Amino acid sequence: MDEKEFKNISVKGRVAYGIRCLEQTLIYYNCSLENWKWIIEKIWGYTSVVYLDDWFYEIAEFMPDSILDDKDCYPEDCEYLSEEQFYRLVRTYSEDSNPVINRIIRLIFEMGTSDLYSKLEGCAQNSLDCLNKIMCIMVQENIELPSSTPFSNYSYKENNGWGESFDGKKSSLILT
């Protein structure tokens with residue numbers, strides 16, 4: 001699979017593909033999908049949210065490195081995560097994850113937000129670079145890449161490259 005295939009796919013479509021890669025990875029590592037469902041559902045929210053910065057601030061609190069850095073004490077400045085959700089994430093990231101999964105989550109976040117407060121130029125290379133890193137990780141780990149075909153109808157020509165909102169959860173391997 002080549003990043004060139006994704007140049008005509010919107011950033012939302014690229015993020016959706018990245019989430020499918022995450023789901024493939026969770027399945028590959030036999031993670032407890034029940035533990036991951038609510039996290040995956042939150043991440044899929046990117047495809048349907050109207051204001052991307054709303055997703056940005058919420059998901060920033062879900063990042064594995066942030067959670068694991070503070071795992072012993074619930075940070076009082078959490079706006080989106082309850083204490084119960086925080087410790088649920090600590091358990092999932094500590095017991096049912098690994099560095100590959102955590103890296104892919106971070107790259108999905110970066111892919112969707114790296115150009116958030118700027119105008120997309122050219123083909124939004126930052127998001128393509130993140131997507132390429134995800135695909136390289138999967139190839140290195142011998143995890144089968146999902147088909148890009150279901151995401152090819154999310155055109156980069158729509159909404160200044162970001163693409164129109166859609167219900168990405170319908171594309172999920174885990175939520176359906």
Side-chain angles (χ1 to χ4, degrees), residues 1-29 31 33 36-66 80 100-176:
M1 183 129 346
D2 191 341
E3 84 173 33
K4 291 178 197 143
E5 289 182 53
F6 292 92
K7 284 191 176 186
N8 296 320
I9 297 176
S10 69
V11 174
K12 283 190 176 191
R14 294 170 190 175
V15 169
Y17 182 82
I19 298 167
R20 277 293 292 274
C21 289
L22 172 62
E23 290 180 336
Q24 289 273 120
T25 304
L26 293 171
I27 292 166
Y28 178 82
Y29 285 114
C31 296
L33 301 183
W36 282 93
K37 271 186 180 177
W38 74 285
I39 301 166
I40 295 297
E41 190 166 348
K42 289 283 187 188
I43 297 172
W44 271 114
Y46 184 87
T47 61
S48 58
V49 72
V50 175
Y51 300 107
L52 293 173
D53 51 348
D54 290 343
W55 182 88
F56 169 80
Y57 290 114
E58 181 175 10
I59 300 304
E61 291 186 4
F62 278 73
M63 290 293 97
D65 44 349
S66 300
Y80 299 95
V100 171
I101 293 167
N102 295 350
R103 178 88 172 116
I104 291 173
I105 293 170
R106 167 56 66 189
L107 286 165
I108 290 167
F109 181 75
E110 288 176 20
M111 182 178 4
T113 60
S114 61
D115 292 314
L116 192 59
Y117 295 109
S118 61
K119 183 178 182 212
L120 294 180
E121 299 288 334
C123 59
Q125 191 62 46
N126 288 335
S127 67
L128 285 174
D129 291 345
C130 290
L131 187 56
N132 190 49
K133 288 175 186 174
I134 290 171
M135 292 188 300
C136 286
I137 290 168
M138 293 185 67
V139 168
Q140 287 173 337
E141 296 295 316
N142 295 313
I143 303 168
E144 184 179 342
L145 288 167
S147 169
S148 63
T149 304
F151 306 97
S152 61
N153 51 332
Y154 302 115
S155 175
Y156 188 78
K157 294 178 182 172
E158 296 174 334
N159 197 17
N160 300 314
W162 294 101
E164 299 299 328
S165 294
F166 62 96
D167 184 2
K169 294 173 191 171
K170 290 180 179 177
S171 300
S172 175
L173 298 171
I174 294 174
L175 302 178
T176 53

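Computed from a predicted structure; not experimentally measured. Computed over heavy atoms, backbone and side chain alike; hydrogens, waters and symmetry mates excluded.
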**OP:** Could you grab the distance from atom OG of Ser66 to atom CZ of Arg106, nearest 0.5 Å is fine?
**Re:** 6.0 Å

**OP:** Any ring pair (Phe, Tyr, Trp, His ring centres under 6.0 Å) involving residues 157-176? Give me the pairs, sequence neighbours left out, ordered by first then second residue.
**Re:** Tyr154-Phe166

**OP:** For Ser10 and Gly13, indicate whether the former's side chain and the latter's backbone hold a donor-acceptor pair under 3.5 Å.
**Re:** yes

Original post:
What's the spacing between Met111 CE and Phe6 CZ if we round to 0.5 Å?
Top reply: 9.0 Å

Original post:
Can you name the closest pair of heavy atoms from Gly163 and Lys12 and give their distance?
Top reply: O-CD, 3.9 Å

Subject >> Shortest non-hydrogen separation from Ile105 to Pro64 and the atoms involved >> reply: CG2-CD, 3.7 Å

**OP:** Measure the spacing between OH of Tyr156 and OG of Ser127 and express it to the nearest 0.5 Å.
**Re:** 7.0 Å

**OP:** Under the side-chain contact (heavy atoms from CB on, under 4.5 Å) rule, what do Ile43 and Phe62 come out as? Steps first, then yes or no, please.
**Re:** CA-CA 9 Å; Ile43 297 172; Phe62 278 73; over 6 Å; no

Original post:
Is there side-chain contact between Tyr51 and Tyr57, with at least one heavy-atom pair below 4.5 Å?
Top reply: no

**OP:** Could you tell me whether Tyr117 atom OH has more than 12 heavy atoms of other residues or ligands within 6.0 Å of it?
**Re:** yes

Subject >> Closest contact, heavy atoms only, Pro146 versus Met138 >> reply: CD-CE, 4.2 Å

**OP:** Report the distance from atom OG1 of Thr47 to atom NZ of Lys169, rounding to the nearest 0.5 Å.
**Re:** 7.5 Å

Please tabulate, for side-chain N and O atoms in residues 19-26, each donor-acceptor pair with protein atoms closer than 3.5 Å (sequence neighbours left out).
residue: Arg20; atom: NH1; partner: Ser171; partner atom: O; Å: 3.0
residue: Glu23; atom: OE1; partner: Leu173; partner atom: N; Å: 2.7
residue: Glu23; atom: OE2; partner: Trp44; partner atom: NE1; Å: 2.9
residue: Glu23; atom: OE2; partner: Ser172; partner atom: OG; Å: 2.5
residue: Gln24; atom: NE2; partner: Glu144; partner atom: O; Å: 2.9
residue: Thr25; atom: OG1; partner: Cys21; partner atom: O; Å: 2.8

Original post:
Going by heavy atoms in the side chains, are Leu52 and Thr113 under 4.5 Å from each other?
Top reply: no

**OP:** If a pair satisfies ring pair (Phe, Tyr, Trp, His ring centres under 6.0 Å) and one of its residues is in residues 121-153, list it, with sequence neighbours excluded.
**Re:** Tyr17-Phe151

Original post:
What distance separates Glu141 CD from Arg103 CZ, expressed to the nearest 0.5 Å?
Top reply: 12.5 Å

**OP:** State, yes or no, whether a side-chain contact exists between Lys119 and Asn160 at a heavy-atom distance under 4.5 Å.
**Re:** no

Subject >> Asn132 side chain near Cys136 side chain, heavy-atom distance below 4.5 Å >> reply: yes

Original post:
If every non-hydrogen atom of Gly112 is compared with every non-hydrogen atom of Val15, which pair is closest and at what distance?
Top reply: CA-CG2, 3.7 Å

Original post:
Are Tyr29 and Val100 side-chain neighbours, meaning at least one heavy-atom pair lies under 4.5 Å?
Top reply: yes

**OP:** Please report the shortest heavy-atom distance between Ile104 and Gly18, naming the atom on each side.
**Re:** CG2-O, 4.5 Å

**OP:** Could you tell me the separation between the CG atom of Asn8 and the CZ atom of Arg14, rounded to the nearest 0.5 Å?
**Re:** 8.5 Å

**OP:** Name the orientation class of the two ring planes belonging to Tyr46 and Trp55 (parallel below 30°, tilted from 30 to 60°, perpendicular beyond 60°).
**Re:** perpendicular

**OP:** Please examine the side chains of Asp65 and Asn102, heavy atoms only from C-beta on, and report whether any two atoms are closer than 4.5 Å.
**Re:** no

